[in-house]
Structure formats: C-alpha cells, structure tokens
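A short write-up of the structure that comes next.
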Amino acid sequence: MGNTWKPGTKAVHAGTRRSQYGEVSEAIFLTQGFVYESAEHAEQRFIASGEDEFIYARYGNPTVKMFEERIAALEGAEDAFATASGMAAVSGALTSMLKAGDHVVSSRALFGSCLYVLEDILTRFGVEVTFVDGTDLAKWEAAIRSDTKAVFFESISNPTLEVIDIEAVAKLAHAKGALVLIDNVFATPVFSRAFEQGADVVIYSATKHIDGQGRALGGVILGSKEFIRKTVEPYMKHTGGSMSPFTAWIMLKGLETMGLRVRAQASAALGIASALAGHPALEQVIYPGLDSHPQNALVQRQMGAGGTVLAIDVKGGKEAAFKFLNALEIAIISNNLGDAKTIVTHPATTTHQRLPDAQKLSLGITPGLVRMSVGLEDESDLIADLLQALDSIN
C-alpha cells in the first residue's frame, strides 16, 4: 500500500487481499474456522499467528482484516479491531483497558448508550467516572488527576452537537499520563484528523457513515498496534464482540463511496441549516457549520466542515415536535444517522428517553429538540419538505 496515497485512494485500495482467482471485488471468506496442514502447524499457529494466518472467525478473518487495514490506513492509525456494532467498540475499548479502582473523566454530553456504559456498567465494576462539561477546558483540567487512566468524549456530541477541542483536552490528559479515547462518529473518517490532534484511541460506529446505507451494524476501534493487539484483541476475541466477514465486506464497499457521500451530505446539511435558521417556528437551529454555533471556529479548524447532522428546537415542545415529525414526507423517523436517507429523531423520547428530565435539560435535550441526519436526497426537496412540515404545526 502506497504511503503517499491520498485518502480517496486508500478508501478504495488499502488492505486489499486477493485470492488465487484475482477477484476485483474483495472476497467474502464466510467461514468460522481454518484448516491446518498438520497438528504441529495447528500448535504453532496458536502460539503465534503470522500476518496472513487465521485461527477462528472470532479472532480474525481475511475479509475483516481487509476492512481493519483499510480503515486504519484512512484514519492514520497503526492498527484497528473491527467489532459487531458501534457500542461493542465503545464498551470494548473502555472495558478492555480498565479495572476496579481506575479513574475516567468523560464529557457529560454523550449518546444514551455511551452514558449507560460509563454510568452503570463501569461503575458497577469499581471504575470511578467523573463527568464534566466537555466544552469547558477548566473543568477538564480540574477533573483529570495523576491517577486518571483515560478521558473519553464524543468529538461532536449526540444529539446537541457540542464540539470538543481534541488538541487541548489531549494535552491536559497526556500531561497526567491518561489515554485519550474519542467516539468520532459525527466527525466521520472523512473529516477526522483526530490522531494528528492528540487522540490515542478513535472509535467509530461503522453502521453510520462507513456503511451509510442502512444495511448492517458494525464498529471499529483504532489505535496503536500495542493497544489494539495486546489490550483490545484479547478482550474482544474472548468476549465475542468481533465483526462478521459479511459485515466487513459491506463496510469495505461502503468505504469506497464514503468520501463522496459524506461531503455531499455535509454540504446539504449546511444548506438546510442556513435555510431553517431564523424560522419563526424554531427556537434555534444547531449546526457546527453555522457561524452562529458557539464552536464554529473550532470545528472549522478541527474538521474543516460541520458534518452531516444538525438539530432544531421546535417551539411548543414535544407536541409541536411530533406534529412536525409526522408531517414530513421525505425525511423518515428512525434512530440511525449517517445514512443515505434523511433521518429525523426525537431524542427526548427515543435515544435519551431513559435519562431523568432534569439531566436531559442540563444536556440541552429539550422536549422540542429534533436531530436530523441529512441524506443524499435533493437538497431543495429536503428544504421544501422541512418547511411544509414546520408550516403544519400551527
């Protein structure tokens, strides 16, 4: 693989393995196990597998390896481990490295399942977790201690789109010897430069922009070869959270078009956010690519674009938000994001439903908040659909 290749070339060619048949499209190795030439060969492989040797699909697979190598090359990471879902990646990255008595500092604005892992699962096993306002560097500095093992945050928070300064938080964490783990879904591998900016571990739900077409669940943990192979791999292969070969093939196909899709979606998201800004039926439009966003300068410096997701706060709370959602003709109501189809979600009653009302409000998840993941439909059609749905509220 050429070290000088640009991201678009890496997304199509990096990590390619061809069988003796010389196939153009990557082969799907749908097998749970592998045959050994002899008992001695089996023994040796279990002692130390070579770069192109495999033992069991839960441990590794040629199709999965292609995806891991391709996304690692694209992201600028030494290595990667592909997982069964995005949450398998989040929980696997954290749980594999932590033990009772360890301390973690996390931003408070997180996806509901990420909050569950940190608030309920890790603390159940004796890990201490401190939550901070991720946009306030003074809060990070005060919370990170000499015994802090890791800091964790979403580079852009779900669903309120707060942007965290990766470089600044990483400097604070590294000064105390803590690892920096980032859920980078909203930034996407297209706009991400997280490793350059100080991240030690980057996590993606591959379900989102990598597949980006609503077909399969998947995730990936990226980091140093030592972290991936000595910390993550032993935990994941024994607990069963690895990616299936068929899913890996879907993700490989998704990577080929991801750059085209995500750039088009981000451009449309900016156009939609601009068209909706100031609408009388809305309390606000939240999109990191708008000048009105409090971290707009940061997101432009950190990513160069605002991403594919925006949020609107509909006046009139839940009742008005539901009227708006039910009036949409193109955008669909679901809870995924980063899809070819435009998807709208009411976080307060779905993805963050389990949180107490006071916690929702403290995170900015109001009764009228609607998260919108912009798809690949015609931008003018989407704007017209959104405007007619807003008009239907009154």
Side-chain angles (χ1 to χ4, degrees), residues 10-12 14-17 25-32 54 56-75 77 79-96 111 113-114 117 154 158 181-190 192 194 201-223 228 232-233 235-237 239-259 261-262 265 308-309 334-341 343 351 373 375:
K10 291 178 181 177
V12 174
T16 298
R17 283 169 160 77
S25 181
E26 295 80 2
I28 310 173
F29 291 90
L30 283 178
T31 178
Q32 98 294 346
F54 302 92
Y56 192 62
R58 183 157 42 83
Y59 295 13
N61 173 280
T63 312
V64 177
K65 189 69 172 177
M66 280 192 274
F67 170 65
E68 291 171 343
E69 290 186 351
R70 187 168 297 181
I71 187 66
L74 186 62
E75 191 72 15
D79 208 345
F81 193 93
T83 63
S85 69
M87 285 313 305
V90 170
S91 62
L94 288 166
T95 308
S96 65
F111 175 54
S113 294
C114 291
V117 170
E154 296 171 355
N158 181 3
L181 286 78
I182 300 177
D183 182 334
N184 214 32
V185 167
F186 280 45
T188 80
V190 175
S192 166
V201 179
V202 171
I203 300 160
Y204 287 105
S205 170
T207 312
K208 283 36 176 195
H209 306 90
I210 295 173
D211 172 21
Q213 293 159 81
R215 298 171 295 191
L217 294 175
V220 64
I221 306 166
L222 299 114
I228 295 299
V232 172
E233 181 182 2
Y235 176 84
M236 296 303 295
K237 76 180 186 181
T239 57
S242 55
M243 180 179 283
S244 78
F246 183 69
T247 297
W249 182 81
I250 289 174
M251 299 307 171
L252 283 163
K253 297 293 99 182
L255 283 174
E256 293 178 350
T257 61
M258 179 180 63
R261 289 184 282 104
V262 167
Q265 289 166 307
T308 68
V309 180
S334 189
N335 49 293
N336 192 24
L337 61 93
D339 195 278
K341 298 177 177 66
I343 293 172
T351 57
S373 172

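Along the sequence shown, residues carry numbers from 1. Quick caveat, the model's predicted, so the values are computed rather than measured. Every heavy atom of this structure was used, including side-chain atoms; hydrogens, water molecules and symmetry mates were not.
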Using a 3.5 Å distance criterion without hydrogens, assess whether the side chain of Thr83 forms a donor-acceptor pair with backbone atoms of Gly219. yes

Tell me the side-chain hydrogen bond (donor to acceptor under 3.5 Å, both in side chains) pairs involving residues 65-74, sequence neighbours left out? Thr16-Arg70, Arg17-Glu69, Glu26-Arg70

Is it the case that the side chain of Thr207 and the backbone of Gly218 share a donor-acceptor pair, with hydrogens and angles ignored and the cut-off at 3.5 Å? yes

Do side-chain atoms of Ser373 reach the backbone of Gly338 as a donor and acceptor pair under 3.5 angstrom? yes

If you measure from NZ on Lys341 to CG on Asn336, what distance do you get to the nearest 0.5 Å? 10.5 Å

Closest heavy-atom pair and its distance - Val190, Gly259: CG2-CA, 3.8 Å

Going by heavy atoms in the side chains, are Val90 and Ser113 under 4.5 Å from each other? no

Does Thr95 reach the main-chain N or O of Gly92 with its side chain, forming a donor-acceptor pair under 3.5 Å? no

Least distance between heavy atoms, Ala89 atom then Tyr204 atom: CB-O, 4.2 Å

Enter the distance from Met258:CE to Met251:CE here, rounded to the nearest 0.5 Å. 11.5 Å

If I take atom CG from residue Asp211 and atom CG from residue Asp339, how far apart are they, to the nearest 0.5 angstrom? 7.5 Å

Specify the closest pair of heavy atoms between Leu74 and Pro189, including all atoms of both residues, with the distance to one decimal. CD2-CB, 4.3 Å

Return the minimal non-hydrogen interatomic distance between Val202 and Glu75, and the atom names on each side. CG1-OE2, 3.8 Å

Starting at CD1 of Ile182, measure out to OG of Ser192 and round the result to the nearest 0.5 Å. 7.5 Å

Say you draw a straight line from CD of Gln265 to CG of Leu337; how long is it, rounded to the nearest 0.5 Å? 10.0 Å

From Thr247 atom OG1 to Ile28 atom CD1, the distance as rounded to the nearest 0.5 Å: 10.0 Å

Apply side chain to side chain contact (heavy atoms under 4.5 Å, CB included) to Ser334 and list each qualifying residue two or more places apart in sequence or on a separate chain. Ile343

What class does the angle between the rings of Trp249 and Phe246 fall in, given that below 30° is parallel, 30 to 60° is tilted and above 60° is perpendicular? parallel

Check whether any side-chain N or O of Thr63 sits under 3.5 Å from a backbone N or O of Phe29 as a donor-acceptor pair, and report yes or no. yes

Kindly write out the residues that satisfy side chain to side chain contact (heavy atoms under 4.5 Å, CB included) with Asp79, not counting sequence neighbours, or none if the list is empty. Lys225, Ile228, Arg229

